[in-house]
Amino acid sequence: MATAQDSDAARSDLTDVAFDPITRIIGNLGIYTKIDFPARKVVECRSTSSIFRGYSVFMKGKDPRDAHFITSRICGICGDNHATCSVYAQNMAYGVKPPPLADWIINLGEAAEFMFDHTIFQDNLVFVDFCERMVKETNPGVLERAERTPAPRGDVHGYRTIADIMRAFNPFEGEVYKEALRMSRLTREMCCLMEGRHVHPSTLYPGGVGTVATPQVFTDYLVRLTRCLDFVKRGVALNDDVFDFFYEALPGYEEVGRRRTLLGCWGCFQDPEVVDYDYRNMNTWGNAMFVTPGIVVDNQLVTTDLVDINLGLRVLLGSSYYEDWTGEETYVDKDPLGNPVDQRHPWNQTTLPKPQKRDLDGGNYSWVMSPRWYDKRTGDHLALDTGGGPLARLWTTALAGKVRTPYVRSTGHSVVIDLPKTPATPEVRLEWKPPPFPNTIERDRARMYFVAYAAGMALYFVERALEEVRAGRTKVFQDFKVPKEAIGAGFHEAVRGVLSHHLVIRDRKIANYHPYPPTPWNASPRDHYGTPGPYEDAVQGMTLFEENGPENFKGIDIMRTVRSFDPCLPCGVHMYLGGGRTVRQSHSPTFGALA
Amino acid sequence: MTQRTAITVGEPEVRPDKASHVHGVRQGNHKGLYKRQPGHESDDRSSSRRSTGINPGPKNPILPGMPNLSPA
């Protein structure tokens, strides 16, 4: 596919359109496209990142117990996901199982994070692309139709027409925009109650948490959660109305951002009754997670086994500014079950940065590597994406049929979410069904359904945590010893998708540490097989629906597609100062203070 | 201008992989430390001694079957 498009890309009638940097996201993502304006089609797309961070380089030699505090700083919005994932990897390496209440507390903190981050991204960043002012500039015909189209779920959310909803999305002045900001305050408070701080938690540790489990802390959480539920119920209805309208107003819009179904989810919310953080039992406790891990290829669930998922990880190069590490040290040749571990697996990766000029014509053009999943059935290296996170999570959970809680259930073909009556709204039953194929609209739609999912789960987690407290079992921390040599792997979901941390300890220090967050998967460039990364793949071949011509082209359809993946570059690459300059001055308030 | 403060800081210019743990200093995660924590019982429960060292006794439940829900 890439070859055919590349040969098309050599045509002279194409217009180069570059979006660099992409705004409303964190980081240095650039999208370089070649557009055929007469045919209204994107012919070629390349996704680049001009930032290198080097976590995998500077983590080496540090005390592993610091890992979650350091890796939390990878991101300024989902840092607690990194901290949690690092804690999981450390629990495995130290062989420690935290008390049940500690796991419920982490689950509660993470559920609040999902609600916070998805709401702020969807309502304050994504909806700017769907608001009245934007649509007026890009598709005036659509706005005119929206003024005449009544909102089918107006009784739930209170807006009469679709254009009224779009006006509520207007940044800084729209009602939904402002309410989402108020909600994000509540959900951040929920996260702080459980994890001490947001977004860099202060009370998450390997072996447990430092949160003092009193009935008060859980009721404070519950009060805020109940207030959010009103917003969540209305939010899902608003989303469905607007997205359904786009399909109706722009026939063929389902093809925007369409990609083959190649979704990965590493699972989240551990079940304390099952999880022991032992690699040898990872399949069992992975399947007990309250978001089922799994890989969906062509709408079929391929596996839910975290061991399979782990062993299939391959980090490829091809268009990235790194040297290959095949000749470097192999840290882990066999996993604790005796399975061979590939040299391209994160456990064995050595990051060798090689800064160079960007070459978009067949050369290297990004600091992001190309993580792929090796499908042993076909021998393919699949460029999995996360669908922005929620799409993959809901899809794997729906097909696996393993989640059974009072508020959220998986039916084997859908996910049913029951939200109870709250002050302003009656009880609501929501059902998310997998769409025929992933596209821009479905990635965005799934996001609000996952907020409802996280809210339903949070209700269940509060009940379970209070059961522990009422029984007097208030222990939240288990002691452990750092082994001289160990390996660990943490699998979790960052808000925008799959997150794994791979850790190797030698001489009680970190010998190798590789965090693989969602954006390296989504923003990856072409690998050495020529397979384009998910952004590139979703944008290439896309039909443009924007009414503007080349002179005042905004690229709204391309932007909607890239933003539907919830891009976040700081975690895409793991400090380059330019010009070969190196800062050598260092000062540490702790290292050696007591020596 | 160099400002002098009374805060004890570590030596500057240490290697990045210098161990953050100093041999002989007690580790918070140390095995067996749990039983030395006042108010934390061996059956995973806790008493009011966990919350305060000042006259904790009367703050415990009045009946043995009651859960001990000490304040933070």
Side-chain angles (χ1 to χ4, degrees), chain A residues 57-67 69-70 90 94-96 99-102 193 205-208 210-218 220 466-482 507-511 584-595, chain B residues 1-54 56-57 59-72:
Chain A
V57 179
F58 63 68
M59 289 297 286
K60 286 190 180 190
K62 296 199 186 299
D63 188 320
R65 289 170 298 175
D66 290 339
F69 288 124
I70 300 172
Q90 290 181 67
Y94 308 151
V96 57
L101 188 53
L193 282 165
Y205 320 115
T211 311
V212 182
T214 60
Q216 176 89 49
V217 79
F218 296 106
D220 281 354
L466 276 171
E467 260 174 45
E468 292 292 310
V469 174
R470 287 179 186 131
R473 291 187 293 269
T474 50
K475 186 179 178 182
V476 288
F477 188 82
Q478 180 64 46
D479 344 318
F480 61 87
K481 203 169 180 312
V482 180
D507 198 21
R508 297 192 178 92
K509 290 182 183 178
I510 294 172
R584 299 189 69 90
Q585 180 72 30
S586 63
H587 185 84
S588 157
T590 52
F591 292 152
L594 302 166
Chain B
M1 196 180 76
T2 315
Q3 252 189 331
R4 289 189 174 276
T5 62
I7 302 168
T8 308
V9 295
E11 301 162 47
E13 315 292 349
V14 291
R15 285 182 58 82
D17 65 346
K18 186 163 176 71
S20 57
H21 176 66
V22 179
H23 191 69
V25 173
R26 203 169 66 174
Q27 300 174 52
N29 56 277
H30 206 286
K31 261 207 146 92
L33 204 63
Y34 182 79
K35 61 185 175 201
R36 294 170 198 261
Q37 302 281 324
H40 292 265
E41 314 294 337
S42 56
D43 61 354
D44 295 358
R45 292 162 186 255
S46 53
S47 68
S48 59
R49 178 64 184 86
R50 186 191 66 168
S51 309
T52 178
I54 303 167
K59 296 181 180 71
N60 280 324
I62 54 171
L63 293 173
M66 286 178 161
N68 197 331
L69 301 175
S70 56

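Note on naming: letters A, B, ... go to the chains in the order of the sequence lines (proteins, then strands), and numbering restarts at 1 for each one. Just so it is clear, the values below take in all heavy atoms, side chains as well, and ignore hydrogens, waters and symmetry mates.
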Contact summary for B:L69 and A:V469, nearest pair of heavy atoms: CD2-O, 3.3 Å
CG/B:L63: more than 12 non-hydrogen atoms of other groups inside 6.0 Å: yes
Shortest non-hydrogen contact between B:P67 and A:G472, atoms and distance: CB-N, 4.4 Å
Any side-chain heavy-atom pair of A:K475 and B:Y34 under 4.5 Å: yes
Any donor-acceptor pair under 3.5 Å from B:D44 side chain to A:R473 backbone: no
Atom pair CD (B:Q37) and CG (A:D479), whose distance is rounded to the nearest 0.5 Å: 8.0 Å
NZ on A:K481 to CG on B:N29, rounded to 0.5 Å: 9.5 Å
Reported CE-to-CZ distance for the pair B:M66 and A:R470, which is rounded to 0.5 angstrom: 15.0 Å
Engaged part of A:P99 at the chain B interface, taking heavy atoms whose separation is under 4.5 Å: neither
Heavy-atom closest contact (A:T474 atom, B:R45 atom, distance): OG1-C, 3.9 Å
Residue A:F477 versus chain B: region with a heavy atom under 4.5 Å: both
Contact origin within B:H40 toward chain A - heavy atom pairs under 4.5 Å: neither
Heavy-atom closest contact (B:R50 atom, A:T214 atom, distance): NH2-CG2, 4.3 Å
